[in-house]
Amino acid sequence: MSDLATSAPTDFIRDIIDEDLRMNKHEGRVATRFPPEPNGYIHIGHAKSVCLNFGLAKQYKGTCNLRLDDTDPAGESMEYVESIIRDVHWLGFDWEDRLFYASDYFEKLYQFAIELIKKGEAYVCSLSPDEIREHRGSFTEPGKESPYRNRSVEENLKLFERMRAGEFADGEHVLRAKIDMAAPNIVMRDPIIYRIKREPHYRTGDRWIIYPMYDFAHCLSDALERITHSICTLEFENNRPLYDWIVERLIPANRPKQIEFARLSVSYTVLSKRRLIELVQKNYVNGWDDPRMPTVSAMRRRGYTPEAIRNFCAEIGVAKNDNLIDVALLEHCVRDDLNERSPRAMSVLRPLRVVIDNYPENQVEDFDSANHPQKPEMGTRKVPFSRVLYIERDDFMEDPPKKYNRLGPGREVRLRNAYIIKYESMLKDEKTGEVKEIHCTYDPATRNAPPADGRKVQGVIHWISAAHAVPAEVRLYDRLFTIEDPGSVEDCLQYLNPNSLEILTTCYVEQNLKNVKPGSQYQFERLGYFCADEKDTREGKPVFNRIVALRDTWTKIAGKG
RNA sequence: UGGGGCGUCGUCAAGCGGUAAGACACAGGAUUUUGGUUCCUGCAUUCGGAGGUUCGAAUCCUCCCGCCCCAGCCA
């Protein structure tokens, strides 16, 4: 397994923290937080932030809080909160008793706003949304000051109180920080810090009708939690001056510092929350945990392990460059982890009947098969062998090319963990010409042993005894999008992959998998890693999701997808 | 266009004035009862470009070029 995940990473954030520690800021304390808004499930991009924030806390023997940044009631819900709690835990991180909600700070934030008004640094503005936008100016032109900018402190206090009391309609007034309408940074042109919004909040119900804006709530929440390093993504860089402006005015000491890093992008996948919500709501996928989704719960259901995801986050690093990580790296991390831990099993996804003509009619032999070729400590299992078998339809070709290492007319192959068999004849469907059945003979002397004459066979294939086969349903998941960077496209939905889900209903797995434990991963030899679905289980017919295919050089040679 | 940020291999990413780590991907080869794993080998004379400073520059300076973010009462 990769040892990079355990080696201490170096990055610019750690440099900043080291420097702060050297200057003895915050009494040598390091406190971070992971602050998602509960308006959707967290995805692999959030996982990067989770690993970063909790990883930093661990490395510096500090703390990392989980904070739900729920300052806009629209779209937020307890279901999302619960999914976030579950997913961060599953990723392997613990915030102990430090679970916080921005909504728990509403009263304190309101008091902070009053303090700002009293300092003469915030005012109630009664411009309409359109007027506010017009007054804001543009990139090239400075904004114009609001006619309400110079209301007296008393009037502002009274108006703000009445805003809270519900005396005004939504949008009638807002509270604004009094900064500089001519600031080159548009964020600083008297930003709105409170708005009236009559929308029930999933936690505070209708107790509040005014809600603080992100810029006001976030930095103060950080301060209230005594966060030392507030790590967020690059698009908030423009907001940092405002973060500092607010904190400098309201927090006397131990002010938190905002540090930005580049958000994650992964090829062939979309991580925009807006897009993911759309995929779910318009039923392009079957919910947030559809195994094709890039969400943490989908990856769990698909069979990814938390270790694989953490290793991935360690491998990609943290920097400020815009990036597009090759999804192959994610898949590599998944294989790398699963290769170590997954027991092997045989299965046949697209069955083709094989009859061993010279094998006794009613005989059954149990082969002891290793659960892991490199790990004897993982033990063995019995795999029954009999006269009629299923092999993978792909593993027989009537007219094979030279590089094909499997069964064909005149060829001999090893049945994995069993005998060498030799092709004798085939039966075809008279109408379609499709091969229906292969007849072979076996060499009894090759039971788990090389042939005495030292001859080489064409290859090794997997198989299942027909009489002992357990029917299963197998789902092959492929990437959801067909283009490398769907995230950069306005309408990425037109690039949805129509073949992203293939359901195979006539599969067979080993009898050992009859009562497979939901959520457990196996390597189906020569096929890939599969996971028993944790949700969709059926009596006697297990359902497997393909986590990821094995690295397969033959598909490259043959040019198959 | 004003402001903010970023440009090192196909993709990420170290590097912080002393002569380009590592990972993925890719290409060869060895071992293999998984076309898996493992193991070797190869893969940036050059760091967006051009000048300059220096004995010495990816690292410092100047100019230029390219990409990303900001004009929600979203976060």
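The sequence lines fix the lettering, A, B, ..., with proteins before strands; numbering per chain opens at 1. Keep in mind the model is a prediction, meaning the values are calculated, not measured.
Atom P of nucleotide B:C26 and atom CG of A:L329 are separated by 12 Å, given to the nearest angstrom. Taking atom CZ on A:R14 and atom P on B:A13, their separation rounds to 14 Å, with Å as the unit. As a whole-Å value, the separation of A:I325 CD1 from B:G10 P is 16 Å. For the pair A:N323 CG and B:A25 P, the interatomic distance rounds to 18 Å; values are reported in whole Å. Rounded to whole Å, the distance from CD on A:E260 to P on B:C69 is 16 Å.
Among the nucleotides B:G35, B:G36, B:A14, the one closest to the side chain of A:P373 is B:G36. Nearest nucleotide to the side chain of A:R416, out of B:U37, B:C12, B:U33: B:U33. The side chain of A:E235 sits closest to B:C69 out of B:C16, B:C6, B:C69. The side chain of A:D326 lies closest to B:U11 when the candidates are B:U11, B:U33, B:U8. Side-chain proximity of A:N185 to B:C26, B:G3, B:A13: nearest is B:G3.
Take A:R479 and apply the side chain to side chain contact (heavy atoms under 4.5 Å, CB included) test, not counting sequence neighbours, and it matches A:Y268, A:V327, A:E331. When the side chain to side chain contact (heavy atoms under 4.5 Å, CB included) test is applied to A:F139, the partners found at least two apart in sequence or on another chain are A:I186. Partners of A:R195 by side-chain hydrogen bond (donor to acceptor under 3.5 Å, both in side chains), not counting sequence neighbours: none found. Not counting sequence neighbours, the partners of A:R341 by the side-chain hydrogen bond (donor to acceptor under 3.5 Å, both in side chains) test are A:E307, A:D337.
Using a 4.0 Å heavy-atom cutoff across all strands shown, A:D72 reaches sugar-phosphate atoms only and no base atom. Among the protein residues, A:Q374 comes within range of the nucleic acid bases, having at least one heavy atom under 4.0 Å from a base atom. Residue A:A183 is out of contact with every strand shown, counting any heavy-atom pair closer than 4.0 Å. No contact: A:N39 has no heavy atom under 4.0 Å from any strand. A:F236 comes within 4.0 angstrom of a nucleotide base, judged by non-hydrogen atoms across all strands. In this structure, A:T71 reaches the sugar-phosphate backbone alone: every heavy-atom distance under 4.0 Å involves primed, P, OP1 or OP2 atoms, never a base. The residue A:Y404 sits close to a base: some heavy atom pair falls under 4.0 Å. When heavy atoms are screened at a 4.0 angstrom cut-off, A:V266 is found touching no nucleic acid atom at all. Within the nucleic acid shown, A:A262 has no heavy atom closer than 4.0 Å to any nucleic acid atom. Residue-level contact check: A:Q523 touches the bases, meaning some heavy atom is under 4.0 Å from a base atom.
Here A:D366 does not pair with A:K382 in a salt bridge; the nearest charged N to carboxylate O distance is not below 4.0 Å.
With C1' as the reference atom, B:G15 and B:A21 are 8 Å apart, rounded to whole Å. When the P atom is used for both B:A20 and B:U45, the distance is 11 Å, rounded to whole Å. Nucleotides B:C67 and B:A30 are separated by 47 Å at their P atoms, to the nearest Å. Distance noted for atom C1' between B:U31 and B:A23: 24 Å (whole Å). The separation of B:G51 from B:A57, taken at their P atoms, amounts to 14 Å, rounded to a whole angstrom. Rounded to a whole angstrom, the distance from the P atom of B:C65 to that of B:C74 is 38 Å. Spacing of P atoms, B:U62 relative to B:C68, comes out at 25 Å, to the nearest Å. Between B:C39 and B:U46, the distance separating the two P atoms is 32 Å to the nearest Å.
In this structure, A:M346 and A:W463 have side chains that are in contact, with non-hydrogen atoms separated by less than 4.5 Å. For the pair A:H372 and A:P343, the minimum side-chain heavy-atom distance is 4.5 Å or more. Side-chain contact between A:Y202 and A:Y80: absent, with no pair of heavy atoms (C-beta onward) separated by less than 4.5 Å. Using a 4.5 Å heavy-atom cutoff, the side chains of A:R162 and A:L159 are in contact. Using a 4.5 Å heavy-atom cutoff, the side chains of A:R381 and A:N512 are in contact.
In the interface, the side chain of A:R335 is not paired with the base of B:G36 through any donor and acceptor atom under 3.5 Å apart. For A:N238 and B:G3, a side-chain-to-base donor-acceptor distance below 3.5 Å is present, hydrogens and geometry of angles not being considered. Taking only distance into account, the side chain of A:R414 meets the base of B:U33 through a donor-acceptor pair shorter than 3.5 Å.
In terms of position on RNA chain B, the residue among A:N339 and A:I316 whose nearest nucleotide sits closer to the 5' end is A:I316. Mapping A:D552 and A:A319 onto RNA chain B by nearest heavy atom places A:A319 closer to the 5' end of the strand.
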For nucleotides 64-67 of chain B, tabulate all protein N/O to nucleotide N/O atom pairs closer than 3.5 Å, reporting atom names and distance.
none

Considering only nitrogen or oxygen atoms on both sides, find all protein atoms under 3.5 Å from nucleotides 71-73 of chain B and state each distance.
{"unit_1": "B:A71", "atom_1": "O2'", "unit_2": "A:R136", "atom_2": "NE", "d": "3.4"}
{"unit_1": "B:G72", "atom_1": "OP2", "unit_2": "A:R136", "atom_2": "NH2", "d": "3.4"}
{"unit_1": "B:C73", "atom_1": "OP1", "unit_2": "A:R136", "atom_2": "NH2", "d": "3.2"}
{"unit_1": "B:C73", "atom_1": "OP2", "unit_2": "A:R136", "atom_2": "NH1", "d": "3.0"}
{"unit_1": "B:C73", "atom_1": "N4", "unit_2": "A:L127", "atom_2": "O", "d": "3.3"}
{"unit_1": "B:C73", "atom_1": "N4", "unit_2": "A:P129", "atom_2": "N", "d": "3.2"}
{"unit_1": "B:C73", "atom_1": "N4", "unit_2": "A:G171", "atom_2": "O", "d": "2.8"}

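Side-chain N/O atoms of A:K320 include none lying less than 4.0 angstrom from OP1 or OP2 on B:C68. At the phosphate of B:U34, neither OP1 nor OP2 sits under 4.0 Å from any side-chain N or O atom of A:R344. For the pair A:R240 and B:G4, the criterion of a side-chain N or O lying under 4.0 Å from OP1 or OP2 is not met. Residue A:H332 places at least one side-chain N or O closer than 4.0 Å to OP1 or OP2 of B:C24.
A stacked arrangement is not assigned to A:Y214 and the six-membered base ring of B:A75, the conditions of a centre distance below 5.5 Å and an interplanar angle below 30° not being jointly met.
Side-chain contact of A:R14 with A:Q59: a donor-acceptor pair under 3.5 Å is present, judged by distance alone. For the 3.5 Å distance criterion, the side chains of A:E392 and A:H462 qualify, holding a donor opposite an acceptor. Judged by distance alone, the side chains of A:D222 and A:Y243 do bring a donor and an acceptor atom under 3.5 Å apart.
Using N1 to N3 plus N6-O4 or O6-N4 for Watson-Crick, or N1-O2 and O6-N3 for G-U wobble, each under 3.5 Å, B:C47 pairs with nothing. For B:C6, the paired base is B:G66 (Watson-Crick or G-U wobble, both distances below 3.5 Å).
B:G72 takes the syn form, because its glycosidic angle lies no more than 90° either side of 0.
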